[in-house]
Amino acid sequence: MKCPKLLLVAAGLAILVSVDSLADGIKVIANSSVKADTISEDELKLVFLGERISLTDGTHVEPVFMKEGPVDRAFLRKYLGVTEDDLQIHYRTLLFTGRGSMPKVLESDAAVVAYVAETRGAIGYVSASANALGVKILAIGVPGRRLITRVEPDYPETLKQLNIGGTVRLRISISAKGNVENALLLGGNPILGESASMAVKQWIYAASRSPTVAEISITFGEH
Amino acid sequence: MIFAYFLCLGQVALHAQEFKLFDREVQIHGFASQGFIYTNENNWLTMNTSQGSGAFTDFGINVSTNVSDSLRVGAQLYDRNLGQLGQYHPALDWAVVDYRVKSWLGVRGGKVKTTLGLYTDSQDFDFLHTFALLPQSIYRIDLRDDTIAHVGGDIYGNVTLQHKLGDLSYTGYVGHRNDGEHGGYRYYFSSFGAQIKSYGGLQYGADLRWRTPLKGLLIGVSRMNEDITAKGSAINPFNPGEGLVPYSEFSKSDWTNQFYGEYTKGRLRIDSEYRRYWRNQILNGTSESFADVRGWYVSGAYRVCKRVQIGSYYSRYTIANVVTGALSVFYPSATDTNLPTGHEYDKVLTGRVDLNRFWYVKVEGHFMNGYGSGPYPTGFYSQVNPQGLKPTTNALVVKTGINF
C-alpha cells in the first residue's frame, strides 16, 4: 500500500492522494510497528489527548505533536476540536496532577517523520507535502474498518496541467463484506469527484458484522 | 522573595526540563505563584487583607518518567503560605506509580490526587486557570487538604462508546486522607482553644465523566465518602478553668456528591458545578453535629486574543448546621441560610494576561455577600476578625506566576 505512494513521490508526480488524513493539508503518519492502516477520527482524538495508549488492534501508540504553527493548528482544530492553548492546559493538567507526561513536540515535518520512523508506536502528523519516507500513512474516517486494498484515482491530465485540484468529499457505503457499494459526491470539483468515486469503488475494507457509512476526503494536487 | 527566586529559577529551567536517565527521558516541571489581596471590610483567608496582604505564595516541582510503555513513575513537592495556613511547610503533593494495562484499565498507587469534579485535583495550579481564585463555594482554598489527595490507589480508564456516542472516563479510588498541620480546619478549631493533633481517615469514591457527541461538551458526576477522625485537646466549655481536656470527633456520615459540566467552543469556555457536602459528626462522644453544605457556580471565560483572557463567575454557597446533645448549649443551630452566617455569594470579574508562554498576571474583583459560619470554615475566621464580621466584603486579588 505504501510503495505506490512512495513511487509517485519519487517520480515527482504532482498527485498526492490519501483519505481524510490529507484534508486541510495534513497527513497522519505512523511507525511501521503500528498494524492499522486506518484510524477513526474518534480514536485519533483520544490518542492525541492521551486518553488511549493503544489502538483497537492492540498496537501501543505514542502521539507526537508538531510545534505551534499552521499544520498544528489545522490538525488540532479538525481532529481534536481544541486550540493549542486548550491542549497545553490539558496536558499540563495531566502532568501536574501526576496523571501523565508532556508529549513529544517536534519542530518540523522532517523531525516528526524521522522520530516516527524510528520510534515504536509513534504516531504523528505532518503537512501533506512532507516527504513521508520510512513511515506509513494512516487513512482516517472509517471507524473500525481496516482498508485492505486502495486504488489511487486518476488525476485528469488537463486539470493537472491547469493546476486545478483540491479536495473532494465523498460519502461511501461499505458492505459487510468490505466492498464499497456506493460513493456519493458531497463536495468539490465534479470531475475530480467522478475520478475519486471510480477509484474508491474499487477499495476493499476488512469484513465487518454490519455495513458502514463513512465520509472521506481525497485531495488532488498540492492543495 | 521566594517567588522572585523561582522566577529566576524558572527562566533558567525552561530550557533544562528534560534529560535522559538509563535511556529513559526524565521530565522536570515546576511552578510558582505570588498573590496580593486587599479587602474593603473583613479580613479574608486568614490574612490581614483589610490592610492588603501578600502572604499568598505557593510553588511546586515535579519529576516523572515513563519506565516502559505502560509504567510511569513520578512525584511532586508542594509548598505554600496563605496567611496563617501552610506556613511554608513543604509536603509531598503526589507520588505515584501508574500502570496502564489498557486504555480502558489502569491502576495507580501511592499518594494520588483525588478526582472530584472538574478542578479538585488541579486547584493548586493557578497557571491552568483563568481565575485567580476558583469558585470558593466548591474549591475552598483554605480547605484544600480536605479533598486534595489520598494515600491509596485508583483504578481508571477510558471507554469509547459505540454509535458515535462519545467516550467515558472513569476513576474509582480508596485511600487515607491526612490533613496537613497548617490546614484551615485545624486553624478554625484553634479559635475555640482546641488543638487538633491528627485529622484524617478513610476516603473512597468514584468519578464518571462523559465527553458527549456534542463537540466541546463534557458532563460528569463524582461521589466521595469519608470516615474522618480528629483527635486533640480543647477547653472544656462546661468548666473553662479546668484547662485543656481530651477532644475527639469522628464521622457518622460524611459524603460529597458533585455534578458538573464544561462546554468549550472556540475561545469560549463555560463551566458549572454543583456540590453537596453532608457532614454528620460525633463530637467528644456527647454531641452530634449535622452540617449541610451546598455550593454551585456558573463561570464563563473568553480568550480575547492569544495573551488575554477575561472571565466571570457567580458562586453561591450555603451552610445549615444543627448541634444536638451536651454541646448544643454552646453551639446553637443555624439553619437560616438567608442570614450572612448561612451563606456566601460571590460575583467575580477577572482579567488574565500571559506575558509569555510561562509567565502570567491576573487581576480579579470579588463582590461577596455573607460570610458563612458553623462547624465548617468558609474563609472568614474569627481569629483575624476579632471585631466581628460585616455582611459584605469586596476584594481585589492580583496574582502572578510562572510555570515550566
Side-chain angles (χ1 to χ4, degrees), chain A residues 33 39-47 49-62 67-68 73 76-105 115 119-122 143-144 209-210 212-215, chain B residues 17-18 25 27 29-31 60 62 64-66 69-70 72 74-76 93-96 98 100-104 106 108 110-113 115 119-122 124-125 127-129 149 154 156-158 160-162 164 166-167 169 211 215-216 264-267 269 303 306 309 354 357 403:
Chain A
S33 64
I39 185 169
S40 72
E41 284 195 24
D42 290 342
E43 202 169 24
L44 188 71
K45 178 178 178 175
L46 292 172
V47 165
L49 289 178
E51 300 278 4
R52 300 204 67 165
I53 58 164
S54 57
L55 301 181
T56 44
D57 62 12
T59 311
H60 168 80
V61 284
E62 175 204 332
K67 191 184 169 190
E68 195 170 337
R73 271 194 291 276
L76 299 184
R77 187 183 65 242
K78 179 169 174 60
Y79 295 115
L80 273 60
V82 299
T83 63
E84 285 158 332
D85 298 308
D86 294 335
L87 191 77
Q88 278 290 328
I89 289 170
H90 173 77
Y91 270 104
R92 288 182 191 197
T93 301
L94 293 179
L95 173 78
F96 282 94
T97 56
R99 302 212 166 90
S101 306
M102 292 302 279
K104 198 74 172 171
V105 179
Y115 183 83
T119 308
R120 191 178 64 83
R209 278 179 294 184
S210 57
T212 307
V213 175
E215 288 183 14
Chain B
Q17 52 192 270
E18 292 179 1
E25 189 176 84
Q27 296 186 352
H29 295 272
F31 63 93
N62 67 58
S64 63
T65 186
N66 290 314
D69 290 345
S70 307
R72 190 173 48 79
Q76 179 163 282
D93 196 27
W94 52 262
V96 295
D98 189 330
R100 194 149 185 196
V101 186
K102 300 278 186 187
S103 295
W104 55 270
R108 51 183 162 240
K111 186 168 186 184
V112 188
K113 286 273 187 174
T115 308
Y119 301 121
T120 292
D121 52 359
S122 66
D124 296 328
F125 314 130
F127 55 94
L128 295 173
H129 308 294
D154 286 16
Y156 69 95
N158 177 274
T160 303
L161 301 175
Q162 291 187 332
K164 284 196 166 282
D167 65 279
S169 293
R211 194 177 287 125
K215 203 171 179 179
T264 54
K265 186 172 177 61
R267 297 174 169 190
R269 172 189 292 263
R303 188 178 290 276
K306 177 127 188 90
Q309 295 175 60
D354 288 274
R357 195 173 165 188
N403 71 96

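Excluded from the calculations below are hydrogen atoms, water molecules and symmetry mates; all remaining heavy atoms, backbone and side chain alike, are included. In what follows, chains carry the letters A, B, and so on, assigned in the order in which the sequence lines appear, proteins first and then strands, with residues in each chain numbered from 1.
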**OP:** Could you please spell out the steps behind the side chain to side chain contact (heavy atoms under 4.5 Å, CB included) verdict for A:Leu49 and B:Arg211?
**Re:** CA-CA 12 Å; A:Leu49 289 178; B:Arg211 194 177 287 125; 4.0 Å; yes

Subject >> chain A interface, residue from B:Lys113, B:Arg72, B:Arg108, B:Lys265 that has the most non-hydrogen pairs under 4.5 Å >> reply: B:Arg72

**OP:** State which residue, out of B:Arg357, B:Lys306, B:Arg267, fulfils the side chain to side chain donor-acceptor pair (under 3.5 Å) condition with A:Asp85.
**Re:**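 Of B:Arg357, B:Lys306, B:Arg267, side chain to side chain donor-acceptor pair (under 3.5 Å) with A:Asp85 is met by B:Lys306 alone.
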
**OP:** Can you label the angle between the A:Phe96 ring and the B:Phe125 ring as parallel, tilted or perpendicular, going by 30° and 60°?
**Re:**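 Aromatic pair A:Phe96/B:Phe125 classed tilted.
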
Original post:
Sub-3.5 Å donor-acceptor pair from the side chain of B:Gln27 to the main-chain atoms of A:Met102, do we have one?
Top reply: yes

Original post:
Of all heavy-atom pairs between A:Glu51 and B:Ser169, which one has the smallest distance, and what is that distance?
Top reply: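 Nearest pair, atom of A:Glu51 first, then B:Ser169: OE1-OG, 3.6 Å.
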
Original post:
What are the two closest non-hydrogen atoms of A:Leu95 and B:Ser64, and how far apart are they?
Top reply: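 In terms of heavy atoms, the two residues are closest at CD1-OG, 4.2 Å.
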
Region of [X] that comes under 4.5 Å of a non-hydrogen atom in chain A:
X        : value
B:Asp167 : side chain
B:Asn62  : side chain
B:Phe127 : side chain
B:Asp124 : neither

Original post:
Just wondering, do A:Arg92 and B:His29 contact through their side chains at under 4.5 Å, heavy atoms?
Top reply: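 No; the side chains remain at least 4.5 Å from each other.
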
**OP:** Nearest 0.5 Å please: distance from the NZ atom of B:Lys102 over to the NE2 atom of A:His60.
**Re:** 12.0 Å

Contact class of [X] relative to chain B, heavy atoms under 4.5 angstrom:
X       : answer
A:Ile89 : both
A:Arg99 : both
A:Leu55 : neither
A:Ser54 : both

